[in-house]
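The structure appears below as structure tokens.
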Amino acid sequence: MTPKITLKLDANELPFEESLESRREEFPSLLTASLNRYPDANASALCTHYASFQGVADSNIIAGNGSDEVLDLIYKAFTTQGDTIVSLEPSFVMYGMMAKLFKCRYVGVPISHDQNIQVDVFIEAITTHKPRLVFICNPNNPTGALIQKEDLYKILEATSGLVIVDEAYSEFICDGYQEYSLIDSIGKFKNLIVLKTLSKAYGLAGLRIGFGLANEELIKALYSVKYPYNISLLSQNIALTLINEDFMSRLNDNRLCIINEREKLYNKLESLKYVTPYPSSANFIWLEVNTQVIDLSTFSEALKNSGIAIRQFDKGELKSFLRVTLGTPQENELFFDTFKTLLEEGTA
Ligand SMILES: Cc1ncc(COP(=O)(O)O)c(C=O)c1O
């Protein structure tokens with residue numbers, strides 16, 4: 001029988017419950033919505049709302065059914081079969097999966113042993129492979145490493161291809177996370193697309209809403225391959241109603257709580273034998289396990305049997321790594337205690 005998962009720390013979601021039940025009075029528009037009608041084809045009101053929050057014009061934004069859809073639109077609009085795509089290795093799996101789907105050649109440039117990007121090596125790979133698309137996830141999923149703005153500028157200048165900076169986790173970097181964003185550079189770099197999502201720090205993964213931000217020409221190209229009505233009426237209405245001042249202040253509290261929890265859990269993990277956590281700027285921690293001492297598949301099985309789901313990687317060189325998403329303070333405590341006990345049992 002498959003064990004029941006009671007602690008879900010495998011998908012980098014926000015752990016704080018967000019339900020319509022608790023916010024009934026804010027949603028009269030859901031009850032009166034005309035479900036026999038199609039929604040706004042381009043989620044225009046939502047785009048305007050989010051664009052003004054990010055300080056860009058309506059012509060600089062497109063909404064997707066999750067940022068996964070924006071990734072798909074990027075491949076559709078800008079690649080042809082046989083094009084080369086460059087990203088970090090490891091990074092978000094969808095970049096490579098989509099390259100396969102669109103019959104492109106995917107080159108993953110390994111990160112250094114301390115799990116950071118080696119900018120010179122990365123730029124060398126760009127110069128060699130002349131990619132059509134370059135994907136940089138910042139902070140990087142799954143390693144949590146942060147790439148500095150100056151390095152991103154160097155990468156943007158080193159290629160004539162498009163550079164997609166995926167800022168899915170940027171709200172978790174630090175208190176003043178906006179400083180690290182490249183949204184303010186979309187006017188300057190003609191080859192830059194920034195990806196954002198409501199699935200992570202906003203805690204709205206169930207709505208499936210993400211955005212692409214870029215100059216007008218690139219956004220027009222993305223619109224030209226987008227199906228109409230890609231975001232449901234209910235998702236548009238809920239996001240528009242929810243994202244108000246009150247929500248933004250809760251978002252701030254939530255992300256600061258996660259940043260604080262990250263520090264706490266990192267320090268605790270660092271005290272354990274046979275485990276090396278890496279510094280993270282996201283809502284998860286990347287861990288290396290000494291597989292000479294710990295049998296990772298037995299250990300992961302035991303963790304699962306305790307009802308805890310974290311992310312394990314089965315690819316060759318990643319086999320000794322785990323990624324754990326931060327939960328609520330109580331969940332993180334439960335995770336750590338269980339993790340520690342099983343580790344001790346595994347090395348007894
Ligand atoms: C780096 C990164 N980009 C994009 C996504 C997709 O997010 P969305 O839910 O907006 O499709 C994820 C989801 O895990 C992610 O890790």
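Given the structure is predicted, the values throughout are model-derived calculations rather than measurements. First listed ligand is number 1; within each ligand, the first listed atom is number 1.
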Less than 4.0 Å between a side-chain N and a carboxylate O, is that true for [Y] and [X]?
X	Y	result
Glu13	Lys8	yes
Lys149	Asp184	yes
Lys103	Asp83	no
Lys154	Asp151	yes

Please state which protein non-hydrogen atom is closest to [atom] and give its distance, to 0.1 Å?
atom	answer
atom 7 (O) of ligand 1	Ser67 OG, 3.2 Å
atom 6 (C) of ligand 1	Asp68 OD1, 3.2 Å
atom 12 (C) of ligand 1	Phe92 CZ, 3.3 Å
atom 13 (C) of ligand 1	Lys200 NZ, 3.2 Å
atom 16 (O) of ligand 1	Tyr169 OH, 2.6 Å

> Within less than 4.0 angstrom of ligand 1, does Asp166 place any heavy atom?
Replying inline: yes

>> Heavy-atom contact check, 4.0 Å cutoff: does Ala205 meet ligand 1?
In response: no

Going by the atom numbers of ligand 1, which of them fall below 4.0 Å from some non-hydrogen atom of [X]?
X	answer
Cys137	1 (C)
Ser199	8 (P), 9 (O), 10 (O)
Asn141	16 (O)
Arg208	8 (P), 9 (O), 11 (O)

For the residue pair [X] and [Y], would you count it as a cation-pi contact if the rule is NZ or CZ under 6.0 angstrom from the ring centre and within 45 degrees of the ring axis?
X	Y	result
Arg255	Phe172	no
Arg323	Phe321	no
Lys196	Tyr202	no

> From Leu318 CG over to Thr143 OG1, what is the distance, rounded to the nearest 0.5 angstrom?
Replying inline: 10.5 Å

